[in-house]
Every structure is written in C-alpha cells, then in structure tokens.
**Q** 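Got a structure for you, questions after.
In this text, all values refer to a predicted model and were calculated from it rather than measured experimentally. We count residues from 1, following the sequence as given.
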Amino acid sequence: MSIIYRPTGMAREYSPYALNIYMGCSHRCKYCYAPHTLQRTNDSYFGRPEPRKNIISLLKKDLQKNVYTEQVLLSFVGDCYCDSADNGETVSEVLKLLNEYNVPVAVLSKGGKKMLRDLEIYKSFGDRITVGTTLTFFDEEKSKEWEPFASLPSERLETLKILHDNGIKTFASFEPTIEPEESLKLIKKTIEDNSVEHYKIGKINNYKSADKWQDWAKYLQDCVDLLRPTGKQVYYKFCLRKLAPDVQLTPEEKNPDEYIVRTYPKTQLSLFDNE
C-alpha cells in the first residue's frame, strides 16, 4: 500500500492526496479527531511523536512507483511541526524527497515559527507548494484553552506574513471555526496584513452539539461579505454550506479542487455540486 493516500469525506475537501509523517501530536487540541479516528487514548496519542517507521524508504518506493500531479497534504494526522522526538528532521527529509520527484505539496500546521526552519526548502519548490496554518481564535487566552501546546495566534499570523513576504503561496484554514466572531477578526487581520492568498472555511464538527452553538448561516454570509470584495481565493466547506443553503456562492467557492497546487492545468470539477 502506498504511504501517500487518497483521503475521503471531509478531509478530501482539503487535498486529493495526503501523507502523515507522525501518528501523534504534542498540541493537545481539545477538538482533535485523531485519537478517536486511530482508536487511541489521548494519553497514547498526545506527546512527542516519533516519525513513522521507515517513512523515508517507504516514501521513496512510493515515488519511484507512482506519479503525483495533484497536491499531497502534510498532514491530517499529527502536526508535522509539533514538538516531535526528531525535532522535525524527518519533515525536512520528506519535503526534499517530494521536491526531488516534482510532487506538488500543501503544508498545514499550527507550529508557527517552527515552519520557518524549512523556508529554503519551500522556496525550492517554486509554484508547486502552498503553506498554511489553522486559525481558530484571535484571543490568545481562548487559544491556550483550546490548543494548549500549539503556537499562539499572533505567532501563526506573523509566520504567514513572513512566508508570504518570501514568495511562498499561503493559505489559512478556518476549520474548526468555534466562535465566528473570533474567526472574522482573524480574517480581517490577514486581509490587513495581505498575508494569505487562499482561505478554506468550515466550522467545528462532531463536538458536543456544536451546530446548536452558533448562527452558521450568518457566519457564512459574513465571510462572503468580507472576503469576496478582496478577490482572494476562497473555498467554503460543505459542512458549512449545507447549514446555509440560502447563501449564494460562486462555483469556484464550492469547488475544493479549484485552487489546489498541481502540475497540470486545473479542471472545473466539484466533488460536492450534488448538494
């Protein structure tokens, strides 16, 4: 089985392919789905993870056998810039190998400035890479409550700005959105900083009746009103769209593959146009 795989369900809206370097994480986010998905306890999942066994040799075999022309996301399980046992050395090796085989890559992390240790590797990809961060709370105390060992929002925002200023295509993931007003503050900040090219916007899912907490239709409309005039690339996730059927969106705003990194011209295919 290939170590690069095709995600399904809500994960597929993020990327056609994915690769998980660690099967654990140090961030201890309250909403993390990975322990349940992997059928592990929080204590066994959260900590300083080791890289997956033989990941470099397995990845090399995969890349020698298969050609990937659509982006591979790092990663859905275990943040690749968490406090890992190998201090991130394996991440750098993985990135170099993916670049060697001309693979388009998306990196998503809450690691803040830890991401900058691979800045020169990102640059070597040219236009075949996009690097992003998850943004949840503008308020740092709320961030500490929900994501106690991830980087603070101010550091994530600063890192996005540094990446963008160094010519790296950047994106921001607003999933989970927990408190819409907090997310809207963050969106406004990224617009002010001109630090993000692409936005992925969803909501918190499968967490203590979260759909009863907020007016998600209002949140979606607020995002549209804020972002559409900027001309930024935006994808609204199906989990949010289905709760706001009266909000009018463009085909591009509903197509998860519209803005992915690829090595061939994009096609106009939406996975979720049968809503």
Side-chain angles (χ1 to χ4, degrees), residues 10-16 31 71 73-74 76 104-112 115 122 127 129-138 143 147 150-151 153-165 167-205 214 216-244 247-262 266 270-272:
M10 290 188 291
R12 173 58 185 87
E13 293 178 77
Y14 269 76
S15 186
Y31 52 77
Q71 75 178 29
L73 185 137
L74 312 176
F76 283 118
V105 170
V107 178
L108 178 61
S109 174
K110 303 182 195 114
M115 303 169 76
Y122 298 157
D127 61 2
I129 195 166
T130 180
V131 183
T133 192
T134 300
L135 296 173
T136 47
F137 290 101
F138 192 84
S143 180
E147 303 162 335
S151 64
S154 56
E155 183 178 329
R156 296 183 218 178
L157 290 165
E158 183 182 358
T159 301
L160 282 172
K161 181 64 173 170
I162 293 170
L163 290 167
H164 186 270
D165 289 350
I168 307 299
K169 182 178 180 180
T170 56
F171 71 98
S173 170
F174 287 85
E175 186 180 49
T177 291
I178 300 167
E179 295 183 17
E181 288 303 317
E182 288 290 304
S183 292
L184 291 167
K185 289 178 185 177
L186 289 161
I187 292 172
K188 290 175 184 175
K189 178 61 175 171
T190 61
I191 294 172
E192 176 187 318
D193 290 346
N194 190 29
S195 58
V196 172
E197 294 172 72
H198 176 57
Y199 294 79
K200 296 181 183 292
I201 299 178
K203 65 180 187 64
I204 191 166
N205 291 290
Q214 308 290 354
W216 296 114
K218 181 179 184 303
Y219 173 56
L220 177 53
Q221 187 64 63
D222 287 343
C223 290
V224 170
D225 293 343
L226 189 58
L227 282 165
R228 193 175 287 168
T230 69
K232 298 287 188 180
Q233 302 171 355
V234 186
Y235 172 66
Y236 295 101
K237 291 204 69 183
F238 182 69
C239 63
L240 182 59
R241 301 196 321 259
K242 71 180 180 179
L243 297 180
V247 178
Q248 299 299 307
L249 298 174
T250 68
E252 293 78 12
E253 291 169 338
K254 297 189 293 181
N255 184 355
D257 289 343
E258 179 71 18
Y259 303 114
I260 64 168
V261 183
R262 47 166 61 86
K266 67 185 179 184
S270 175
L271 300 176
F272 295 89

**Q** Is the shortest heavy-atom distance from the side chain of Tyr236 to the side chain of Leu227 under 4.5 Å?
**A** yes

**Q** Measure the CZ-NZ distance between Arg241 and Lys254 for me, rounded to the nearest 0.5 Å.
**A** 6.5 Å

**Q** side-chain contact (heavy atoms from CB on, under 4.5 Å) between Met115 and Leu160: does it pass, once the steps are laid out?
**A** CA-CA 10 Å; Met115 303 169 76; Leu160 282 172; over 6 Å; no

**Q** Would Ser173 and Tyr14 count as a side-chain contact (heavy atoms from CB on, under 4.5 Å) here? Give the steps.
**A** CA-CA 9 Å; Ser173 170; Tyr14 269 76; 2.5 Å; yes

**Q** Find out whether Thr190 and Leu135 are in side-chain contact, i.e. whether some heavy atom of one side chain is under 4.5 Å from a heavy atom of the other.
**A**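 In short, these two side chains touch, coming nearer than 4.5 Å.
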
**Q** Quick check: closest heavy atoms across Ser151 and Gly112, and the distance to 0.1 Å?
**A** OG-N, 3.3 Å

**Q** Just checking, any donor-acceptor pair under 3.5 angstrom between side chains of Tyr235 and Glu258?
**A**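 Side chains of Tyr235 and Glu258: no pair found under 3.5 Å.
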
**Q** Would you say that Tyr31 contacts Glu147 through its side chain, given a criterion of any heavy-atom pair below 4.5 Å between the two side chains?
**A**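 Yes, their side chains come closer than 4.5 Å.
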
**Q** Can you name the closest pair of heavy atoms from Ser183 and Phe174 and give their distance?
**A**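 Closest heavy-atom pair between Ser183 and Phe174: O-CE2, 3.6 Å.
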
**Q** Distance alone, cut at 3.5 Å: any donor-acceptor contact between the side chains of Thr130 and Gln71?
**A**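 Distance-only check fails for Thr130 and Gln71.
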
**Q** Any salt bridge linking Lys161 with Glu158? Criterion: basic side-chain nitrogen under 4.0 Å from a carboxylate oxygen.
**A**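 So Lys161 does not pair with Glu158 through a salt bridge.
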
**Q** Among Val234, Ile201, Thr230, Val196, find the one that has a side-chain contact (heavy atoms from CB on, under 4.5 Å) with Ile187.
**A** Ile201

**Q** Kindly compute the distance separating CD (Glu155) from CD1 (Ile162), expressed to the nearest 0.5 Å.
**A** 9.0 Å

**Q** Does Ile191 reach the side chain of Leu226, with side-chain heavy atoms less than 4.5 Å apart?
**A**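 In short, these two side chains touch, coming nearer than 4.5 Å.
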
**Q** Hey, could you give me the CG/CD distance between Asn255 and Glu252, rounded to the nearest 0.5 Å?
**A**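 Asn255 CG to Glu252 CD: 8.0 Å, rounded to 0.5 Å.
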
**Q** About how many Å separate CG of Leu186 and CZ of Phe137, when rounded to the nearest 0.5 Å?
**A** 9.5 Å

**Q** Determine the minimum heavy-atom distance between Leu243 and Ala217, stating which atoms define it.
**A**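 Shortest heavy-atom contact: O-CB, 3.9 Å.
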
**Q** If you define the side chain from C-beta out and look only at heavy atoms, does anything of Lys203 sit under 4.5 Å from Tyr219?
**A** no

**Q** Between Arg12 and Asp257, does any side-chain N to carboxylate O distance fall below 4.0 Å?
**A** yes

**Q** Please give me the minimum heavy-atom distance between Ser109 and Thr133, naming the atom from each residue.
**A** O-OG1, 2.6 Å

**Q** Evaluate whether atom CG of Asp127 has more than 12 neighbouring non-hydrogen atoms of other residues, nucleotides or ligands under 6.0 angstrom away.
**A**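 No, CG of Asp127 has 12 or fewer neighbouring heavy atoms, counting only those of other groups under 6.0 Å.
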
**Q** Flag the pair Phe238 / Met10 as yes when at least one side-chain heavy-atom distance between them is below 4.5 Å, and no otherwise.
**A**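 Sidechains of Met10 and Phe238: no contact.
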
**Q** So Gln214 and Ile204, do their side chains get closer than 4.5 Å, heavy atoms only?
**A** no

**Q** Roughly how far, to the nearest 0.5 Å, is OG of Ser195 from CZ of Phe171?
**A**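 One finds 13.0 Å between CZ of Phe171 and OG of Ser195.
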
**Q** Can you name the closest pair of heavy atoms from Lys169 and Ile129 and give their distance?
**A**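 Where Lys169 meets Ile129 most closely, the heavy atoms are CB-O, 3.8 Å.
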
**Q** Out of curiosity, Arg156 CZ to Thr136 OG1, how far, rounded to the nearest 0.5 Å?
**A** 5.0 Å

**Q** Evaluate side-chain contact (heavy atoms from CB on, under 4.5 Å) for Cys239 paired with Glu175, printing each intermediate quantity in order.
**A** CA-CA 10 Å; Cys239 63; Glu175 186 180 49; 3.6 Å; yes

**Q** Can you check whether Leu249 reaches Arg228 side chain to side chain, under 4.5 Å on heavy atoms?
**A**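 Yes, at least one pair of side-chain atoms sits under 4.5 Å.
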
**Q** Determine yes or no for a side-chain-to-main-chain donor-acceptor pair under 3.5 angstrom, with Thr177 supplying the side chain and Pro180 the backbone.
**A**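 Not confirmed, Thr177 side chain does not pair with Pro180 backbone.
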
